[in-house]
Amino acid sequence: MKTSVQAGVAGLLACGTLLTVVLVTRDGDDNHTGVTYSTTSKGPYVALGDSYTAGPGITDPTGTPTGCDRSAGNYPALVAAELGLKGGKFRDVSCSGATTADLTSSQHTDNGTNPPQLRALSSDTRLVTVGIGGNDIGFSSMIKRCVAMGALYQLTGSGKYFTEDAPCARQAGSDAVAKKITTAGDRLTRILTEVRRRAPEARVYVVSYPAILPTDSADCGREMSLAPGDVTFIREKEQQLNTTLRQRASEAGVAYVDTYTPSADHNACTAKNTRWIEPLVPDSPAAPVHPNARGERGMADAVLRAVKSAL
């Protein structure tokens with residue numbers, strides 16, 4: 001028996017009014033590499049995005065190419081299951097390491113090539129989730145650099161931090177990161193226009209990134225080896241990225257899913273049995289500084305709340 005949500009979604013899909021999009025960025029052209037999607041596999045729900053969507057390391061990998069590290073327990077799969085979308089009605093083309101460019105160009109991984117993600121969309125698509133943007137600003141490499149510099153600071157001053165210490169922030173430069181965020185926003189705007197062109201009957205949701213670090217900068221040294229000032233720096237840059245995603249979604253006339261607020265008390269520096277994001281050395285199956293199964297479940301719940309409110 002269908003749940004009321006499944007029945008409502010089925011009705012919206014039937015009359016062509018539902019599309020959810022979650023985004024993570026890079027730009028480029030829709031080139032042709034001989035790898036194409038089967039027309040019959042294009043279903044009502046298409047999931048687009050980067051590793052925070054793909055969920056590397058959480059459960060048995062699924063889909064091709066294997067280099068995308070998609071998990072059968074990522075939030076798109078959980079959303080699809082909750083909505084009763086199976087088989088050809090659900091297509092997950094998210095890929096670890098993706099930028100906005102990989103939505104329109106092929107992405108070459110260590111094990112196979114992922115076609116341009118937007119090719120999975122069609123006039124039959126009704127639900128799309130896109131989680132993108134972090135790789136456009138080099139968020140992963142920035143965290144690694146900040147961790148390395150934080151480790152050096154731990155070796156000074158008898159292993160103690162000083163609250164004003166922010167070696168990585170000084171090197172990276174707040175203005176430089178802010179410019180990358182603006183550029184990522186510009187790319188997202190173009191992507192959303194293209195999504196609407198390819199899937200004109202869709203309702204679109206841009207999904208944010210969950211909270212990685214805590215509000216109290218002094219609470220994360222042991223788990224992440226970051227100087228307190230750099231905890232603040234990284235947290236603020238993530239919030240700025242999410243703000244840009246929200247603003248560009250609003251300007252494009254699409255919805256925005258906030259995963260940051262519900263995850264604030266479940267960041268990488270909280271207890272292992274409550275955290276949504278794993279620290280540098282994961283205690284649960286997941287990639288370092290990425291959502292675990294609990295985090296993907298929390299993100300799925302945020303998307304489902306948005307879908308249900310649309311009903």
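- No side-chain donor from either of T274 and H266 sits under 3.5 Å from a side-chain acceptor of the other.
- For D265, there are no salt bridge (charged side-chain N to carboxylate O under 4.0 Å, His left out) partners at least two apart in sequence or on another chain.
- Between T53 and Y75, the side chains place a donor N or O and an acceptor N or O closer than 3.5 Å (distance only, hydrogens not considered).
- T244 OG1 to I181 CD1: the interatomic distance, rounded to the nearest 0.5 Å, is 6.0 Å.
- Side-chain contact check for R248 and T189: at least one donor-acceptor pair (N or O, by modelled atom type) lies under 3.5 Å.
- One hydrophobic cluster, built from ILVMFWY side chains closer than 4.5 Å, cannot hold both L78 and V46; they sit in different ones.
- The structure places CD1 of I58 at 11.0 Å from CZ of R294, a figure rounded to the nearest 0.5 Å.
- Here the shortest heavy-atom pairing between F90 and A80 reads CG-CB, 3.6 Å.
- Side-chain atoms of Q117 come within 3.5 Å of backbone N or O of G49 as a donor-acceptor pair.
- A donor-acceptor pair shorter than 3.5 Å can be found between the side chains of Y45 and T129.
- Under the 3.5 Å distance criterion, the side-chain polar atoms of D230 are matched with a main-chain donor or acceptor of C168.
- Contact detail for A287 and E278: the closest heavy-atom pair is O-CB, 4.1 Å.
- When each of D216, I212, L213 is tested with V231 by the rule side chain to side chain contact (heavy atoms under 4.5 Å, CB included), just one qualifies, namely L213.
- The two residues G88 and P44 come nearest to each other via the heavy atoms O-CD, 4.0 Å.
- Taking OG from S94 and CG from D92, the interatomic distance works out to 3.5 Å, rounded to the nearest 0.5 Å.
- The closest side-chain heavy-atom distance from N292 to R275 is below 4.5 Å.
- Residues N135 and A98 approach most closely at ND2-O, 2.6 Å, considering heavy atoms.
- Rounding to the nearest 0.5 Å places CD of E201 at 8.5 Å from OG of S123.
- Proximity of T183 to I137: side-chain heavy atoms (C-beta onward) are nowhere separated by under 4.5 Å.
- Side-chain atoms of S250 do not come within 3.5 Å of backbone N or O of Q247 as any donor-acceptor pair.
- Annotation: the span from L118 atom CG to S105 atom OG amounts to 9.5 Å, rounded to 0.5 Å.
- In this structure, P210 and I277 have side chains that are in contact, with non-hydrogen atoms separated by less than 4.5 Å.
- Across all their heavy atoms, S208 and M299 have their closest contact at O-CE, 4.1 Å.
- With E194 as the partner, the side-chain hydrogen bond (donor to acceptor under 3.5 Å, both in side chains) test is satisfied by one option alone out of R190, R196, R197: R197.
- With a 4.5 Å cut-off on side-chain heavy atoms, R305 and P262 count as touching.
- The two atoms that bring A72 and A77 nearest to each other are O-CB, 3.3 Å, heavy atoms only.
- Counting only distance, with no hydrogens or angles, the side chain of S71 and the backbone of G57 share no donor-acceptor pair below 3.5 Å.
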*Begin with the C-alpha distance, continue with both residues' side-chain angles, and end with the deciding distance and a verdict on side-chain contact (heavy atoms from CB on, under 4.5 Å) for D102 and N114.*
CA-CA 8 Å; D102 297 315; N114 200 40; over 6 Å; no
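- Using a 4.0 Å cut-off between a side-chain N of Lys or Arg and a carboxylate O of Asp or Glu, R235 and E238 do not qualify as a salt bridge.
- A donor-acceptor contact shorter than 3.5 Å links the side chain of N242 to the backbone of Y209.
- A disulfide bond (SG atoms under 2.5 Å apart) check over residues 71-108, counting only residues at least two apart or in different chains, returns the pairs C68-C95.
- Note that CZ of F233 is 11.0 Å distant from CG of L226, once rounded to the nearest 0.5 Å.
- Proximity of a side-chain donor or acceptor of T113 to a complementary backbone N or O of Q107 within less than 3.5 Å is not detected.
- Salt-bridge check for D175 with K179: failed, with every basic side-chain N at 4.0 Å or more from each acidic carboxylate O.
- Contact check for V289 versus K144: no side-chain heavy atoms found under the 4.5 Å cut-off.
- Annotation: side chain of I234 is in contact with side chain of F139 (closest heavy-atom distance under 4.5 Å).
- Listed for the S51 side chain is no donor-acceptor partner under 3.5 Å among the backbone atoms of A54.
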*Dump the intermediate steps for side-chain contact (heavy atoms from CB on, under 4.5 Å) on K237 and Q240, then the final yes or no.*
CA-CA 5 Å; K237 294 304 119 180; Q240 288 175 18; 2.9 Å; yes
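- Residues H290 and D69 fail the side-chain proximity criterion, which asks for heavy atoms closer than 4.5 Å.
- Tracing side-chain contacts under 4.5 Å through hydrophobic residues (I, L, V, M, F, W, Y), one never reaches M142 starting from Y260; they form parts of separate clusters.
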